[in-house]
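Everything below concerns the one structure shown next.
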Amino acid sequence: MIKGFIFDLDGVITDTAELHYEAWKKLSDEMGWHFDRELNEKLRGISRMDSIKVIMDHNHVSLTDDTVVELATKKNDLYVDSLESMTPEDYLPGAKELLTHLRQEGFLVALGSASKNAIKVLQQLKAMHYFDVIGDGNSVAKSKPAPDIFLYASEKLKLQPSNCVVFEDAEKGIDAAIAGGFHSVGIGPEERVGHAEVRFNSMKEATYFEVRSFFSDFF
């Protein structure tokens, strides 16, 4: 039986992708690195340290570990500063309605995000009360596509993976859900999240009734 729901943050609850892009773009420009929206897509759903390594590999750059950490921290500072502009109006259409509905129906709800700034984002959205458990980039060592963040969330919810539905907008996030034995809902295009059990183009389409209808055998 499905008793819990686990949500990625960026691209599912809210869209901070543009803020991430702007921060990476500013850092890359300062470093003289090539960075565009196509490369930015490869960063979807992965950690900050993995992201900077993708950018460095693309630019054939090798730096000391200390310098890499320093640059990743600088990018994070740029991103965190930009979060101050977020408000409760910045939920993706349909996300707040789904969270509210799940609360009304009595389901357990967790966050399963690679972001180390997840709590700050949820605070800006005034969304903390929707979640029983917060799993973020500070919770586990291995980021997606490893299933660790979702396993952390389900363990804290005291539920088996098979009792949980994961909402993800990233290919690696769906990979992680599948690897962990979770039910999966993909948000986004077929080429990115088509391997999820069910896919919706947007959160607005992923209503409680639509999701429950698809997983009807498990409720």
Side-chain angles (χ1 to χ4, degrees), residues 2-17 19-20 24 40-54 69 72-73 75-76 79-80 83 91-92 95 98-99 102 107-125 127-188 192-193 195-199 203 206 211 215:
I2 289 172
K3 299 178 181 178
F5 289 77
I6 304 173
F7 290 87
D8 180 36
L9 180 61
D10 298 338
V12 176
I13 303 300
T14 188
D15 189 4
T16 58
L19 301 180
H20 280 294
W24 282 123
N40 188 58
E41 276 296 303
K42 296 181 180 179
L43 312 186
R44 189 181 289 270
I46 66 175
S47 69
R48 188 188 318 150
M49 294 305 296
D50 287 342
S51 293
I52 195 168
K53 287 170 184 173
V54 168
V69 170
T73 301
K75 179 269 174 183
N76 187 57
Y79 170 68
V80 170
L83 290 179
Y91 286 89
L92 281 171
L98 178 57
L99 290 170
L102 292 176
F107 288 100
L108 294 172
V109 179
L111 191 78
S113 169
S115 172
K116 292 189 175 181
N117 299 297
I119 289 177
K120 171 65 175 174
V121 173
L122 293 180
Q123 288 171 338
Q124 292 292 120
L125 293 172
M128 290 289 287
H129 64 287
Y130 289 118
F131 296 91
D132 300 291
V133 169
I134 305 294
D136 61 14
N138 302 298
S139 303
V140 296
K142 292 182 181 177
S143 61
K144 305 164 190 175
D148 299 31
I149 189 63
F150 297 140
L151 293 171
Y152 171 88
S154 63
E155 183 180 344
K156 292 294 183 183
L157 291 175
K158 297 187 168 78
L159 295 175
Q160 293 297 314
S162 59
N163 298 134
C164 300
V165 178
V166 167
F167 280 70
E168 261 287 354
D169 75 313
E171 179 181 359
K172 288 183 172 63
I174 297 298
D175 291 343
I178 293 171
F182 296 86
H183 294 291
S184 57
V185 174
I187 306 297
R192 194 169 74 219
V193 292
H195 54 316
E197 282 177 79
V198 60
R199 181 190 68 82
M203 282 297 287
V211 173
F215 292 108

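- Of all the heavy atoms in Ile178 and His195, the pair that sits closest is CD1-O, 3.7 Å.
- Using modelled atom types, one side-chain atom of Gln124 and one backbone atom of Leu83 make a donor-acceptor pair closer than 3.5 Å.
- Here the shortest heavy-atom pairing between Ser154 and Ile6 reads N-CD1, 4.1 Å.
- Between Asp136 and Ala118 the shortest heavy-atom distance is CB-CB, 3.8 Å.
- Of the inter-residue distances, the one linking Tyr152 atom OH with Ile134 atom CD1 reads 9.5 Å to the nearest 0.5 angstrom.
- A donor atom on one side chain and an acceptor atom on the other are not found under 3.5 Å apart for His183 and Asn163.
- Under a cut-off of 6.0 angstrom, the local environment of NZ in Lys75 is crowded, with over 12 non-hydrogen atoms contributed by other residues, nucleotides or ligands.
- When every heavy atom of Ile46 is checked against every heavy atom of Lys144, the shortest pair comes out as CG2-O, 4.2 Å.
- Counting all heavy atoms, side chain and backbone alike, Phe182 lies closest to Glu197 at O-OE2, 3.9 Å.
- The backbone N or O of Thr16 lies less than 3.5 Å from no partner atom in the side chain of Thr14, so there is not a single donor-acceptor pair.
- Formation of a donor-acceptor pair under 3.5 Å by the Arg199 side chain with backbone atoms of Ile187 is not found in this model.
- Although no hydrogens or angles enter the test, the distance criterion places no donor-acceptor pair under 3.5 Å between the side chain of Asp10 and the main chain of Asp15.
- Ser143 and Asp50 are linked by a side-chain donor-acceptor pair at a separation below 3.5 angstrom, with hydrogens and angles left out of the test.
- The minimum heavy-atom distance linking Phe107 with Gly4 is given by the pair CD2-N, 4.5 Å.
- A donor-acceptor pair is defined here as one N or O able to donate and one able to accept, closer than 3.5 Å; such a pair exists between the side chain of Glu168 and the backbone of Ala170.
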